[in-house]
Novice: 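Sharing a structure here in structure tokens format.
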Amino acid sequence: MDIKEQEHQQDLEKIRSFRYMDDDFMTVCLEDNYEGVELILQIVLQRSDIKVTSIRTQEVMKNLKGRSAILDVRAVDSTTKEYDIEIQRKDAGAGAKRARHNSSLLDAHILRAGEDTNIMPDSYVIFITENDVMGKNKAIYHIQRYVEIDVEKELFGDGSHIVYVNGKYRGNDEIGKLMHDFSCTNPNDMNYEALAKRARYFKENEKGIAAMCKIMEDMRNEAELKGVKKTAMRMIRAGKMPLEDIADYTELPLDIIEELKKQIMQMA
């Protein structure tokens with residue numbers, strides 16, 4: 001068995017083990033899956049009136065003066081409310097500052113230049129975590145801002161919402177069933193068909209499996225390219241070789257090497 005065939009067999013094994021709790025698989029399954037995204041939002045926010053009108057997966061949120069972010073799933077509903085659904089298997093990736101950062105970037109991209117902030121719609125950053133990161137044994141945690149007035153508190157009402165969903169929760173209710181589905185590898189064991197049918201397509205349908213294998217191959221190639229670029233950047237910083245020689249050594253086009261040098265100079 002050659003290397004390509006070995007990689008293919010490994011990919012098939014990985015596909016069988018994928019769950020919605022794996023962010024790459026979730027984003028593939030939720031791309032253009034309006035029924036599935038609506039289901040998740042309706043259950044998590046306990047609202048049956050949410051109608052999703054736009055879905056974007058793996059969207060890059062640019063920050064020209066600081067750190068950018070890639071949102072797993074960004075959705076907009078019929079009332080223009082904005083939602084960011086994030087999967088986090090590691091507790092460290094779902095910290096309070098990460099939630100704040102995502103929320104601020106989401107808000108920053110809602111309004112166009114010159115628009116009044118008073119028309120800004122509500123925004124929701126929803127972390128679905130594999131573990132109970134809050135440690136209070138609850139299914140859902142809602143984080144909002146409050147005004148402290150002596151010993152009393154009033155809701156600030158700025159429309160910014162952060163929600164944590166405990167992926168370990170298994171209560172006999174809608175959210176418990178949803179979290180079961182997020183950790184389920186077999187689509188036939190899922191509770192919600194809106195999620196199961198997309199997972200079934202990528203796990204059992206010939207075309208779906210081929211598409212998933214192509215995505216995984218692209219991810220490997222991207223990771224390999226990223227590693228080569230890191231090597232090139234180290235060589236550029238060392239300053240011991242002409243850019244043309246670095247291009248020959250790394251087999252990267254010279255214009256890419258020149259662009260990497262510009263990035264290094266901008267960061268200096």
Novice: Does Asn137, at its CG atom, have more than 12 non-hydrogen atoms belonging to other residues, nucleotides or ligands within less than 6.0 Å?
Specialist: no
Novice: Among Lys168, Lys90, Arg19, find the one that has a side chain to side chain donor-acceptor pair (under 3.5 Å) with Glu130.
Specialist: Arg19
Novice: Cys29 and Arg198: which non-hydrogen atoms are nearest, and at how many Å?
Specialist: O-NE, 3.3 Å
Novice: Give a yes or no answer on whether the side chain of Asn131 reaches the backbone of Val133 with a donor-acceptor pair at less than 3.5 Å.
Specialist: no
Novice: Ignoring hydrogens and angles, write down the donor-acceptor pairs under 3.5 Å from the side chains of residues 242-253, residues two or more places apart or on other chains.
Specialist:
{"residue": "Thr250", "atom": "OG1", "partner": "Ile246", "partner atom": "O", "Å": "2.8"}
{"residue": "Thr250", "atom": "OG1", "partner": "Leu252", "partner atom": "N", "Å": "3.4"}

Novice: Flag the pair Val165 / Phe127 as yes when at least one side-chain heavy-atom distance between them is below 4.5 Å, and no otherwise.
Specialist: no
Novice: Please report the interatomic distance CZ(Phe182) to CD1(Ile175), rounded to the nearest 0.5 Å.
Specialist: 8.5 Å
Novice: Between OG of Ser123 and CD1 of Ile162, what distance do you get to the nearest 0.5 Å?
Specialist: 8.5 Å
Novice: Taking side chain as C-beta onward, heavy atoms only, is Met134 less than 4.5 Å from Asn166?
Specialist: no
Novice: In chain order, what residues pass the side-chain hydrogen bond (donor to acceptor under 3.5 Å, both in side chains) check against Arg98, with sequence neighbours excluded?
Specialist: Asn102
Novice: With no hydrogens and no angle check, do the side chains of Asp132 and Tyr141 hold a donor and an acceptor under 3.5 Å apart?
Specialist: yes
Novice: More than 12 non-hydrogen atoms from neighbouring residues, nucleotides or ligands closer than 6.0 Å to CZ on Arg67, yes or no?
Specialist: no
Novice: Under a single-linkage definition using a 4.5 Å side-chain heavy-atom cutoff for Ile, Leu, Val, Met, Phe, Trp and Tyr, are Leu254 and Val228 assigned to the same hydrophobic cluster?
Specialist: yes
Novice: Kindly indicate, with the supporting measurements, whether the criterion side-chain contact (heavy atoms from CB on, under 4.5 Å) is fulfilled by Val73 and Thr27.
Specialist: CA-CA 6 Å; Val73 178; Thr27 56; 4.2 Å; yes
Novice: Side-chain contact, heavy-atom cut-off 4.5 Å: Pro121 with Ile110?
Specialist: yes
Novice: Side-chain heavy atoms under 4.5 angstrom apart, residues restricted to Ile, Leu, Val, Met, Phe, Trp, Tyr: same cluster for Tyr192 and Met190?
Specialist: yes
Novice: Can a side-chain donor-acceptor contact be found between Ser183 and Arg170 if the only test is distance below 3.5 angstrom?
Specialist: yes
Novice: Could you state the interatomic distance from CD (Glu59) to CD1 (Ile70), rounded to the nearest 0.5 Å?
Specialist: 10.5 Å
Novice: Can you tell me if Asp77 and Tyr83 form a side-chain donor-acceptor pair at under 3.5 Å?
Specialist: yes
Novice: Compare every heavy atom of Thr129 with every heavy atom of Ala94, then report the nearest pair and how far apart it is.
Specialist: CB-CG2, 3.8 Å
Novice: Is there a donor-acceptor pair closer than 3.5 Å between any side-chain N or O of Asp22 and the backbone N or O of Asp24?
Specialist: no
Novice: With rounding to the nearest 0.5 Å, note down the distance linking CG in Asp181 to CG in Leu178.
Specialist: 6.5 Å
Novice: If you round to the nearest 0.5 Å, how far is CD of Glu258 from CD of Gln263?
Specialist: 12.5 Å
Novice: Measuring only between side-chain heavy atoms, which start at C-beta, is Asp122 closer than 4.5 Å to Ser160?
Specialist: no
Novice: Hey, does the side chain of Tyr169 reach the backbone of His180 with a donor-acceptor pair shorter than 3.5 angstrom?
Specialist: no
Novice: Given 3.5 Å as the limit, does a donor-acceptor pair link the side chain of Glu204 with the main chain of Tyr201, or not?
Specialist: no
Novice: Using modelled atom types and a 3.5 Å cut-off, is there a donor and acceptor pairing between side-chain atoms of Tyr20 and backbone atoms of Cys184?
Specialist: no
Novice: I'd like to know if Ile128 and Val125 are part of one continuous hydrophobic network [Ile/Leu/Val/Met/Phe/Trp/Tyr, side-chain heavy atoms within less than 4.5 Å].
Specialist: no
Novice: Hey, are the side chains of Ile264 and Met233 touching, using non-hydrogen atoms and a 4.5 Å cut-off?
Specialist: yes
Novice: Could you work out, with ring pair (Phe, Tyr, Trp, His ring centres under 6.0 Å) as the rule, every residue matching Phe25, not counting sequence neighbours?
Specialist: Phe18
Novice: Just distance, no hydrogens or angles: give the donor-acceptor pairs under 3.5 Å from side chains in residues 143-155, sequence neighbours left out.
Specialist:
{"residue": "Gln144", "atom": "OE1", "partner": "His161", "partner atom": "ND1", "Å": "3.0"}
{"residue": "Arg145", "atom": "NH1", "partner": "Asp158", "partner atom": "OD2", "Å": "2.5"}

Novice: For Lys214, give me all partners under salt bridge (charged side-chain N to carboxylate O under 4.0 Å, His left out), at least two apart in sequence or on another chain.
Specialist: Asp218
Novice: Distance-only criterion, 3.5 Å: show the donor-acceptor pairs between side-chain atoms of residues 34-44 and protein atoms not counting sequence neighbours.
Specialist:
{"residue": "Glu35", "atom": "OE1", "partner": "Lys197", "partner atom": "NZ", "Å": "2.9"}
{"residue": "Glu38", "atom": "OE2", "partner": "Val52", "partner atom": "N", "Å": "3.0"}
{"residue": "Gln42", "atom": "NE2", "partner": "Ile50", "partner atom": "O", "Å": "3.0"}

Novice: To the nearest 0.5 Å, what is the distance between NZ (Lys203) and OG1 (Thr185)?
Specialist: 5.5 Å
Novice: For the pair Glu174 and Lys177, evaluate salt bridge (Lys or Arg N to Asp or Glu O under 4.0 Å) and give the outcome as yes or no after the intermediate values.
Specialist: CA-CA 5 Å; Glu174 285 187 328; Lys177 293 176 181 178; over 6 Å; no
Novice: Any side-chain heavy-atom pair from Glu193 and Arg200 closer than 4.5 angstrom?
Specialist: yes
Novice: Between Asp84 and Tyr124, is any pair of side-chain heavy atoms under 4.5 Å apart?
Specialist: no
Novice: Are Ile85 and Leu106 connected, step by step, through hydrophobic side chains (Ile, Leu, Val, Met, Phe, Trp, Tyr) whose heavy atoms are closer than 4.5 Å?
Specialist: no
Novice: Any side-chain donor-acceptor pair under 3.5 Å between Gln9 and Glu5?
Specialist: yes
Novice: Would you confirm whether Thr231, through its side chain, and Gly227, through its main-chain N or O, come within 3.5 Å as a donor-acceptor pair?
Specialist: yes
Novice: Can you hop from Val76 to Leu111 via hydrophobic side chains spaced under 4.5 Å?
Specialist: no
Novice: Would you find a donor on one side and an acceptor on the other, under 3.5 Å apart, between the side chain of Asp72 and the backbone of Ile87?
Specialist: yes
Novice: Does the side chain of Cys213 come within less than 4.5 Å of Leu12's, by heavy atoms?
Specialist: yes
Novice: If you compare all heavy atoms of Phe202 against all heavy atoms of Ala211, which two are closest, and at what distance to 0.1 Å?
Specialist: CE2-CB, 4.3 Å
Novice: Around atom CZ of Arg220, are there more than 12 heavy atoms from other residues, nucleotides or ligands closer than 6.0 Å?
Specialist: yes
